[in-house]
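Only a predicted model underlies this, so the values are computations on that prediction, with no experimental measurement involved. Letters go in sequence order (proteins before strands), and every chain restarts at 1.
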Protein chains: 2
Amino acid sequence: MYIKDKGHTVINSVREKRTYLKMTQDGLAEKVQATRQTIIAIEKGNYVPSVLLALRIASILECKVEELFRYEKI
Amino acid sequence: MYIKDKGHTVINSVREKRTYLKMTQDGLAEKVQATRQTIIAIEKGNYVPSVLLALRIASILECKVEELFRYEKI
DNA sequence: TCCTAATGTTAAGTTAACATAACATTAGGT
DNA sequence: ACCTAATGTTATGTTAACTTAACATTAGGA
């Protein structure tokens, strides 16, 4: 992140939701109009997506953005 | 946006929620740990924030991310 | 065991999302 | 009209969020 806020991170449950829906990374990527690498990176926590992508993912994974991405203290 | 998807945009109601709560751009910026310019840019639709910022803004403006940022067709 | 689907890794490039800063404009109160 | 707070504008720079692409690894079924 650009904003340096030590002591906080964004944890997501994309992988959990995705596998629960028996969806593949590739399938999800296609549905949210992103690449597989992007999904992998997000699942691995390599980066946090934009709200645009987050809204799409949440939509496809049938849940709210806040239950998919949690802003937590370390 | 990086993702080219003609026919769609992200519309937000940050300004409405903010003014409703009688909060200033500067005040909001400070609370979400961003700059005033960032708030202005978001309100003007110049760019969509990251989920991190979106989560913070939604939290401060006391609403859900999806009611603050709507993915709409043009 | 072999084949394939799914997942992971790395690199290199582009654009968007931030920041800082300095200055201009508007709106409202006295 | 004046002052100040709030808002808007423009420019420049850095980093994160993406992309494409090529290859490596893992897991599971026939």
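- Contacts with DNA chain C (heavy atom under 4.0 Å) in residues 14-28 of chain A: Arg15(A), Arg18(A), Thr24(A), Gln25(A), listed by number.
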Expected rows: protein N/O vs nucleotides 27-30 of chain D N/O, under 3.5 Å:
none

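- As rounded to whole Å, 12 Å separates atom C1' of dC18(C) from atom CZ of Arg56(B).
- Cluster annotation: Val51(A) and Ile11(A) are assigned to distinct hydrophobic clusters (Ile/Leu/Val/Met/Phe/Trp/Tyr, side-chain heavy-atom contacts under 4.5 Å, transitive).
- Comparing atom distances between the Leu53(A) side chain and each of dC18(D), dC18(C), dG8(D) picks out dC18(D) as nearest.
- When all heavy atoms of Phe69(A) and Leu55(B) are compared, the closest pair comes out as O-CD1, 3.5 Å.
- Taking atom CD1 on Ile39(B) and atom P on dG8(D), their separation rounds to 12 Å, with Å as the unit.
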Contact letters for nucleotides 21-30 of chain C, in which S counts primed atoms plus P, OP1 and OP2 and B counts the base, heavy atoms under 4.0 Å: BB--------
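- Tyr47(B) has its OH atom 6 Å from the C1' atom of dA17(C), to the nearest Å.
- Taking 4.5 Å as the limit, every side-chain heavy atom of Glu72(A) sits out of range of all side-chain heavy atoms of Val10(A).
- Taking 4.5 Å as the limit, every side-chain heavy atom of Lys17(B) sits out of range of all side-chain heavy atoms of Met23(B).
- Over its length, the helix from dT1(C)-dA30(D) to dT30(C)-dA1(D) turns its helix axis by 50°, as judged from the five terminal pairs at each end, rounded to 10°.
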Please tabulate, for side-chain N and O atoms in residues 41-49 of chain A, each donor-acceptor pair with protein atoms closer than 3.5 Å (sequence neighbours left out).
residue: Glu43(A); atom: OE1; partner: Arg15(A); partner atom: NH1; Å: 2.9
residue: Glu43(A); atom: OE1; partner: Arg18(A); partner atom: NH2; Å: 3.2
residue: Glu43(A); atom: OE1; partner: Gln25(A); partner atom: NE2; Å: 3.2
residue: Glu43(A); atom: OE2; partner: Arg18(A); partner atom: NE; Å: 2.5
residue: Glu43(A); atom: OE2; partner: Arg18(A); partner atom: NH2; Å: 3.3

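- Using a 4.0 Å cut-off, some side-chain N or O of Lys44(A) falls inside it from OP1 or OP2 of dT9(C).
- To the nearest angstrom, C1' of dA17(C) lies 16 Å from CD of Gln33(B).
- Minimum heavy-atom separation, Val14(B) to Leu28(B): CG1-CD2, 4.0 Å.
- When rounded to the nearest whole Å, the span between CD of Glu43(B) and C1' of dG8(D) equals 11 Å.
- Here dA11(D) presents its C1' atom at 14 Å from CG of Asn46(B), a figure rounded to the nearest Å.
- When the P atom of dA16(C) is taken as reference, atom CD1 of Ile42(B) falls 15 Å away, rounded to whole Å.
- Using a 4.5 Å heavy-atom cutoff, the side chains of Thr35(B) and Ile40(B) are not in contact.
- Ile39(A) and Tyr20(A) fall within the same hydrophobic cluster, defined by Ile, Leu, Val, Met, Phe, Trp and Tyr side-chain heavy atoms under 4.5 Å apart, directly or through other members.
- Here dA19(C) presents its P atom at 11 Å from CG of Leu52(B), a figure rounded to the nearest Å.
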Which side-chain N or O atoms in residues 58-66 of chain B pair as donor and acceptor under 3.5 Å with protein atoms at least two apart or in another chain?
residue: Glu66(B); atom: OE1; partner: Val65(A); partner atom: N; Å: 3.4
residue: Glu66(B); atom: OE2; partner: Val65(A); partner atom: N; Å: 3.2

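- Here the closest heavy-atom approach between residue Ser13(B) and residue Arg70(B) is recorded as OG-NH1, 4.2 Å.
- Neither OP1 nor OP2 of dC18(D) sits under 4.0 Å from any side-chain N or O of Thr35(A).
- Each salt bridge (Lys or Arg N to Asp or Glu O under 4.0 Å) pair with one or both residues in residues 22-39 of chain A, not counting sequence neighbours, would appear here, but there are none.
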